[in-house]
Undergrad: 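A single structure is presented below for examination.
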Amino acid sequence: MENLLDIHFLIESFPAIVSRLPITIGIAVGSLILSLFIGVFTALIKIYKVPVLSVITSIYVSFIRGTPLLVQIYLVFYGIPKIIYYLQIEYGWLQSADVNSIAPEVYALLAFSINLGAYLSETIRSAIESVDRGQFEAAKAIGMKPTQMMLQIIFPQALAVAIPNLGNMFISTIKDTSLVFIIGVVDIMGQAKILGSRGLAFFEVYIAVSIVYWILCIAVERLLVKLEKRARRYERGIAS
Amino acid sequence: MIKLENIHKYYDSHHVLKGINISVAKGEVVSILGPSGSGKSTLLRCINFLEQPTSGIVEIGGKRVDVESAGKSDIFALRTSTGMVFQQYNLFKNLTVLQNVMIGLTSVKQLKKDEAKKKSMEILERVGLSDKLSHYPAQLSGGQQQRVGIARALALNPEVLLFDEPTSSLDPELVDEVLATIRAVADTGKTMFIVTHELNFAREISDRIIFMEDGVIIEEGTPEQLFTDPKMERTKQFLSKATRNN
């Protein structure tokens, strides 16, 4: 009798796939953190219309949006070692860096941070600009410094506005990390591919890995709903 | 004491303030009246540099600032020696009532948290909001929000309080509680600058009234002088019309 699926193989592949979850989550969360810095920095450049940097930011965002993530990953993976090597030979810089010992995970983290940073930039900019002008004025009027104003008043309010968008982008990033196997990072997708070719049971492992992604994304969505509620707690109109 | 000398403000080629001179003694309450677009709010906002004046001199409590050469520290000095109450309240939405009042003390004056909290609670008691400490602005009525706004402005113990149409966005039945709060603050001897459309209130509370139109001061004097015997025809016209509408 012909079986559609080798259920045993499917179930047995879970532990090996799940064991790679830290790689997937690590790249996604790590690049979220780095890209938040990039996003806030570039958003402020745009808002304050910093000369030169503002143009560079526009080109960066446009380039990232206009090229496939896959290409960006290759660019980082092949480009950065070449650039480091070039700087070492031509200028004697970065002598302590050993290009061959940089783990592929590092390139993956970089590529995803650069990618997500560009998308967050626009979201963060519009979230900051959505904060009422009066909030800025009140902060200035009591003598707050720009950094104090941003950290204590503006960012918390902008975050509440931005969380749904940030969340969607983060979930996309989690799914996009499935590309990293192409540069040799064994994430959950990479592990699935390895298992699949070993057992010649690709359908089974891809079902397994899709279930893992699905559960992960549901969990993140739940977490985001909680975060958003927390960030917007001050908007409730009813006294507690 | 506060002194404004020959304050000019241009928006591009639009001349909004055309050489304003005002001198206010300590403890004096001065109201600025005038039709919309006369520049009275702009004048108030030039004092703490929410608008950058084009030229002139602002002097508060002995600190003299030529606006054309004003640096960051000058602007900081002017902002910490003034407290502003906004038409739209502008309470920090993400902070509770207590935090709104405390933040200036902890972030700007760098007071210890305990001390800042104690001070803030005293001030909130004065404006009658001790029972709302942990509420967010969205949970308060407009009148309550504006009273928090007044408490926030008072917290830094400024030389002068600037009121920018403090009751203009309020429902009519909430105006009185805010006016009562302002009156109570005036009674403590605070120097105050009030831009308002509440003529009766201005008449009652002010030591002096300034009438502005088209970026210039048309007339100034005691409330009695201006309301009963204005020298300028334009002042008379405005006050009689506006009083009728009140």
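Below, chains carry the letters A, B, ... as their sequence lines are ordered, and counting in each starts from 1. A quick note: this is a predicted structure, and the numbers were derived from the prediction, not measured.
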Undergrad: Is it the case that atom NZ in B/Lys109 sees more than 12 heavy atoms from other parts of the structure closer than 6.0 Å?
TA: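 Atom NZ in B/Lys109 is crowded, with more than 12 foreign heavy atoms closer than 6.0 Å.
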
Undergrad: Mind checking the OH-OG1 spacing from A/Tyr234 to B/Thr96? Nearest 0.5 Å is all I need.
TA: 13.5 Å

Undergrad: By a 4.5 Å heavy-atom criterion (distance strictly below it), what part of A/Arg133 contacts chain B: side chain, backbone, both, or neither?
TA: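 Just its side chain gets close to chain B.
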
Undergrad: Atom NZ of residue position B/Lys119 - does it have more than 12 heavy atoms of other residues, nucleotides or ligands inside 6.0 Å?
TA: no

Undergrad: What are the residues of residues 79-94 of chain B, in order of number, with any heavy atom under 4.5 angstrom from a heavy atom of chain A?
TA: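 Counting heavy atoms that sit under 4.5 Å from chain A, the residues of residues 79-94 of chain B involved are B/Arg79, B/Thr80, B/Thr82, B/Met84, B/Phe86, B/Asn90, B/Leu91, B/Phe92, B/Lys93, B/Asn94.
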
Undergrad: Would you mind writing out the side-chain donor-acceptor pairs for residues 69-76 of chain A within the sub-3.5 Å range, not counting sequence neighbours?
TA:
{"residue": "A/Gln72", "atom": "OE1", "partner": "A/Asn115", "partner atom": "ND2", "Å": "2.6"}
{"residue": "A/Gln72", "atom": "NE2", "partner": "A/Ile64", "partner atom": "O", "Å": "2.9"}
{"residue": "A/Gln72", "atom": "NE2", "partner": "A/Thr67", "partner atom": "O", "Å": "3.0"}
{"residue": "A/Gln72", "atom": "NE2", "partner": "A/Thr67", "partner atom": "OG1", "Å": "2.8"}

Undergrad: What residues of residues 143-159 of chain B sit under 4.5 Å from chain A when only non-hydrogen atoms are counted?
TA: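 If one takes a 4.5 Å heavy-atom cut-off, the residues of residues 143-159 of chain B near chain A are B/Arg152, B/Leu156.
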
Undergrad: Surrounding OH of B/Tyr11 (heavy atoms of other residues, nucleotides or ligands, distance under 6.0 Å), is the total greater than 12?
TA: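 Yes - once you tally the heavy atoms of other residues, nucleotides and ligands closer than 6.0 Å, there are more than 12.
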
Undergrad: Can you tell which part of A/Ala231 gets under 4.5 Å to a heavy atom of chain B, answering side chain, backbone, both or neither?
TA: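 Interface part for A/Ala231: neither.
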
Undergrad: Taking A/Gln148 for the side chain and B/Val108 for the main chain, is one N or O donor matched with an acceptor at less than 3.5 Å?
TA: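 Not at all, since once roles are kept as given, no pair shorter than 3.5 Å links the two residues.
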
Undergrad: Look up atom OG in B/Ser107 and atom CD1 in A/Ile153, then write down how far apart they are to the nearest 0.5 Å.
TA: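 If I round to the nearest 0.5 Å, the distance is 7.5 Å.
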
Undergrad: Do other residues, nucleotides or ligands put more than 12 heavy atoms under 6.0 Å from B/Glu125 CD?
TA: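 No, not enclosed.
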
Undergrad: Does NZ or CZ of A/Lys140 come closer than 6.0 Å to the centre of the six-membered ring of B/Phe76, within 45° of the ring's axis?
TA: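 Checked: cation-pi criterion not met.
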
Undergrad: State whether the number of non-hydrogen atoms from other residues, nucleotides or ligands found under 6.0 Å of A/Met150 atom CE is greater than 12.
TA: yes

Undergrad: What do you reckon, is CZ of A/Phe37 surrounded by more than 12 foreign heavy atoms closer than 6.0 Å?
TA: no

Undergrad: Is there a side-chain contact between A/Glu235 and B/Tyr136 in this structure, where contact means two heavy atoms from C-beta onward sitting under 4.5 Å apart?
TA: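 No, every pair of side-chain atoms sits at 4.5 Å or beyond.
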
Undergrad: Determine the option with the most heavy-atom pairs under 4.5 angstrom with chain A, choosing from B/Leu162, B/Ile103, B/Leu78, B/Ile75.
TA: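 When all of B/Leu162, B/Ile103, B/Leu78, B/Ile75 are compared, B/Ile103 has the most.
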
Undergrad: Where along residues 163-193 of chain B does a heavy atom come under 4.5 Å of chain A, listed by residue number?
TA: none

